[in-house]
*Asks:* 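Below are the structure tokens for one structure; questions will follow.
On a predicted model such as this, the values are computed, not experimentally measured, just so you know. Labels below follow one simple rule: chain letters A, B, ... track the order of the sequence lines, proteins then strands, and each chain is numbered from 1.
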There are 2 protein chains.
Amino acid sequence: MENDLRLNILQTAKTLFVNKGYHGMSMREIAEALGVSKAALYYHFKDKEELFLAILRIYLDEMSALLDRLDAQPVPSVEKIRLFVEDVLSQPAEQRATIRLGSQEINQLSPEARQAFGVLYREKFIGKLQRILQDGMDAGELRRMPAETAVWALLGIMFPYFYPAHAQGAPVSTETTRLVADIILDGIAAR
Amino acid sequence: MENDLRLNILQTAKTLFVNKGYHGMSMREIAEALGVSKAALYYHFKDKEELFLAILRIYLDEMSALLDRLDAQPVPSVEKIRLFVEDVLSQPAEQRATIRLGSQEINQLSPEARQAFGVLYREKFIGKLQRILQDGMDAGELRRMPAETAVWALLGIMFPYFYPAHAQGAPVSTETTRLVADIILDGIAAR
DNA sequence: CTCTACTTACTGACCGGTAAGTAAGTAAAA
DNA sequence: TTTTACTTACTTACCGGTCAGTAAGTAGAG
């Protein structure tokens with residue numbers, strides 16, 4: 001019970017941030033959506049920025065756990081990547097949108113917050129992904145290229161922002177998920 | 001001379017919108033950056049939304065012209081796509097960021113503006129791209145898949161938002177551009 | 001050649017509204 | 001009786017947008 005409101009704030013704020021962006025969402029809106037006073041939000045979070053970072057941190061932690069779990073599996077790197085793509089794409093759209101949110105809105109924040117996020121982002125997400133890709137290249141499963149470029153291609157496809165349908169609503173269908181994984185893997189696999 | 005300020009507003013506002021988002025940028029900021037009064041902006045543009053749309057319209061027109069130019073060339077679809085990727089990626093980052101800006105911030109706007117943009121976006125950009133891709137599939141150069149998914153993959157890679165380096169600063173190097181085009185084409189080419 | 005009427009391209013002051021954030025009080029639980 | 005978890009009521013700052021006014025042209029009439 002005691003963390004009830006805190007969790008509700010995180011949930012509601014995430015939805016609003018995703019739909020309206022950092023500056024587009026107001027603290028008042030969250031409060032009204034939850035039926036509490038605005039000041040209640042400030043009991044649980046120091047300021048808007050801290051609330052925003054808390055949301056991103058939760059998602060990065062989940063990503064980090066997923067990547068660790070996949071990396072521990074006794075399968076080729078290519079297979080790890082396929083599982084990663086399929087897992088992420090089958091998440092609800094709002095979930096996936098969180099990482100986009102972070103990358104998008106990060107330069108709205110204070111330098112300190114930006115740096116703090118940057119560290120987590122690289123440690124928990126990009127770094128782990130890059131290592132799996134690098135392993136794949138070293139094992140000859142993937143074509144040799146700068147790991148950065150491989151990450152670029154992978155994430156570019158996985159987190160597009162072009163179709164509103166991707167930002168909101170239903171998860172991607174299984175067929176499409178598989179097709180997208182194929183495209184990515186054909187794009188970067190060894191020839 | 002007479003459109004001088006208007007063009008300067010468009011230029012300055014584009015930079016600010018790209019860096020700070022729709023709500024993150026204020027009309028006051030533009031005015032101050034240009035050394036004119038805020039009201040001068042409202043002489044040239046009805047409101048913030050119209051200014052925003054004007055910026056997007058210019059970029060969509062450029063894209064439209066580029067796609068027409070490429071489509072008119074007597075080369076296979078695959079080659080058209082390669083040229084498209086290489087052309088866009090060699091644009092300055094701020095230029096490329098415009099399309100991201102539109103997709104990102106479009107749901108901040110009024111329903112009318114959203115619809116107006118949607119029409120242009122599909123007519124001048126997505127539609128043309130999709131037709132080139134569809135031609136490629138019909139000619140057997142590309143693997144058969146829903147044209148939407150092909151567009152998704154293509155644009156996802158071409159307009160990523162993950163590395164701040166892609167959103168600002170120098171254009172992508174020629175090597176990287178070629179590598180990225182290869183990844184895309186290997187991903188969607190016929191096997 | 002010049003006076004009149006009008007337009008273009010602004011300025012500076014200001015408006016209502018809303019943003020983030022806070023100080024002080026309170027009711028219930030420990 | 002102190003701490004927890006809030007609410008009420010407020011401040012300060014800034015937002016988009018509008019207003020009346022004006023300097024500098026320009027175009028036509030005489």
Side-chain angles (χ1 to χ4, degrees), chain A residues 1-56 101 104-114 116-117, chain B residues 1-56 101 104-114 116-117:
Chain A
M1 257 326 181
E2 72 177 279
N3 283 332
D4 221 34
L5 180 57
R6 193 190 145 89
L7 291 175
N8 280 333
I9 293 170
L10 285 167
Q11 168 89 17
T12 303
K14 181 164 84 176
T15 304
L16 287 170
F17 272 130
V18 163
N19 289 328
K20 321 185 74 169
Y22 186 74
H23 289 297
M25 183 218 65
S26 71
M27 297 298 269
R28 178 147 52 108
E29 263 179 300
I30 307 177
E32 274 169 16
L34 291 168
V36 299
S37 71
K38 189 157 64 87
L41 308 179
Y42 287 89
Y43 179 77
H44 291 282
F45 299 94
K46 190 175 135 278
D47 52 25
K48 192 181 184 181
E49 189 168 278
E50 194 185 278
L51 170 57
F52 185 69
L53 285 176
I55 291 167
L56 297 183
L101 181 66
Q104 237 168 245
E105 304 282 11
I106 193 64
N107 30 7
Q108 311 297 328
L109 308 182
S110 69
E112 303 80 47
R114 207 176 324 180
F117 174 75
Chain B
M1 257 329 180
E2 72 177 280
N3 283 331
D4 221 36
L5 180 57
R6 195 189 143 89
L7 292 174
N8 278 334
I9 292 170
L10 285 166
Q11 168 89 17
T12 303
K14 180 163 86 176
T15 305
L16 287 169
F17 272 130
V18 164
N19 289 329
K20 319 186 77 168
Y22 186 75
H23 289 296
M25 183 218 65
S26 71
M27 297 298 270
R28 208 184 232 90
E29 265 180 297
I30 306 177
E32 275 167 18
L34 291 168
V36 298
S37 72
K38 188 157 64 83
L41 308 179
Y42 287 89
Y43 178 77
H44 291 283
F45 299 94
K46 190 175 137 276
D47 53 25
K48 191 182 185 180
E49 192 169 274
E50 194 185 278
L51 170 57
F52 186 69
L53 285 176
I55 291 166
L56 297 184
L101 181 66
Q104 237 167 244
E105 306 281 11
I106 193 63
N107 30 7
Q108 311 297 327
L109 307 182
S110 70
E112 303 80 46
R114 209 176 322 180
F117 175 76

*Asks:* Rounded to whole Å, please give me the gap between CE in A/M27 and P in C/dT22.
*Replies:*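 Answer to the nearest Å: 11 Å.
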*Asks:* Ring-plane angle category for B/F52 and B/Y22, please: parallel below 30°, perpendicular beyond 60°, tilted otherwise.
*Replies:*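 Correct class here is perpendicular.
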*Asks:* Within the sub-3.5 Å range, which N or O atoms of nucleotides 25-30 of chain C have a protein N or O partner, and how far apart are they?
*Replies:*
none

*Asks:* When you get a sec, tell me which of D/dA5, D/dC15, C/dA20 is the closest nucleotide to the side chain of A/Y43?
*Replies:*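 Selected nucleotide: D/dA5.
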*Asks:* Atom CZ of B/R6 and atom P of C/dT8: how far apart are they, to the nearest Å?
*Replies:*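 The answer, rounded to whole Å, is 15 Å.
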*Asks:* How close or far is atom C1' of D/dG17 from atom CD of B/E49, stated in whole angstroms?
*Replies:*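 Going from B/E49 (CD) to D/dG17 (C1'), I get 14 Å.
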*Asks:* Say whether, by atom type as modelled, one donor and one acceptor occur between the side chain of A/Q108 and the main chain of A/E105 under 3.5 angstrom.
*Replies:*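 The answer is no, because no donor-acceptor pair under 3.5 Å joins these two groups.
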*Asks:* Given 3.5 Å as the limit, does a donor-acceptor pair link the side chain of A/E49 with the main chain of A/S110, or not?
*Replies:*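 Checking the backbone N and O of A/S110 against the side chain of A/E49, a donor-acceptor pair under 3.5 Å is found.
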*Asks:* Using a 4.0 Å heavy-atom cut-off across all strands, classify B/R28 as base, sugar-phosphate, or nothing.
*Replies:*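 Base contact - B/R28 has a heavy atom under 4.0 Å of at least one base atom.
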*Asks:* Over how many whole Å does the gap from B/D4 atom CG to C/dC10 atom P extend?
*Replies:*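 Rounded to whole Å, this separation is 9 Å.
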*Asks:* Counting only side-chain N and O atoms of B/S37, is one of them less than 4.0 Å from OP1 or OP2 of C/dG12?
*Replies:*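 No, no such contact exists.
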*Asks:* A/M25 and A/L16: which non-hydrogen atoms are nearest, and at how many Å?
*Replies:*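 In terms of heavy atoms, the two residues are closest at CG-CB, 3.4 Å.
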*Asks:* Picking from C/dG12, D/dT7, C/dC14, which would you name as closest to the side chain of A/A39?
*Replies:*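 From the listed options, D/dT7 comes nearest.
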*Asks:* Separation of B/L51 atom CG from D/dG16 atom C1', in whole Å?
*Replies:*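 So the CG-C1' distance, B/L51 to D/dG16, works out to 12 Å.
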*Asks:* Hey, is the side chain of A/Y42 poking within less than 4.0 Å of OP1 or OP2 on C/dT22, counting only N and O atoms?
*Replies:*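 No, outside the criterion.
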*Asks:* Could you check if a side-chain atom of B/V36 sits within less than 4.5 angstrom of a side-chain atom of B/N8, using non-hydrogen atoms only?
*Replies:*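 Contact flag for B/V36/B/N8 side chains = no.
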*Asks:* Nearest of D/dG16, C/dA20, D/dC6 to any side-chain atom of A/A40?
*Replies:*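 Of all the options, the side chain of A/A40 is nearest to D/dC6.
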*Asks:* Can you find a donor-acceptor pair, distance only, under 3.5 Å between B/K38 side chain and C/dG12 base?
*Replies:*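 No, no donor-acceptor pair under 3.5 Å.
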*Asks:* Rounded to the nearest 0.5 Å, how far apart are CD1 of B/I55 and CZ of B/F45?
*Replies:*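 Answer for the CD1-CZ pair, B/I55 versus B/F45, is 7.5 Å.
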*Asks:* Calculate the interatomic distance between A/L34 atom CG and D/dA5 atom P; express it in whole Å.
*Replies:*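 In whole Å, D/dA5 P lies 16 Å from A/L34 CG.
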*Asks:* To the nearest Å, give me how far apart CD (B/E29) and C1' (D/dA13) are.
*Replies:*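 The answer, rounded to whole Å, is 14 Å.
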*Asks:* Just wondering, do A/L109 and A/L53 contact through their side chains at under 4.5 Å, heavy atoms?
*Replies:*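 Counting from C-beta outward, A/L53 and A/L109 do come under 4.5 Å.
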*Asks:* Round to the nearest Å and state the distance from A/D47 atom CG to C/dA19 atom P.
*Replies:*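 Those two atoms, CG and P, are 17 Å apart.
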*Asks:* Output the single nucleotide from C/dC10, C/dT22, C/dA19 whose closest atom is nearest the side chain of B/H44.
*Replies:*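 It is C/dC10.
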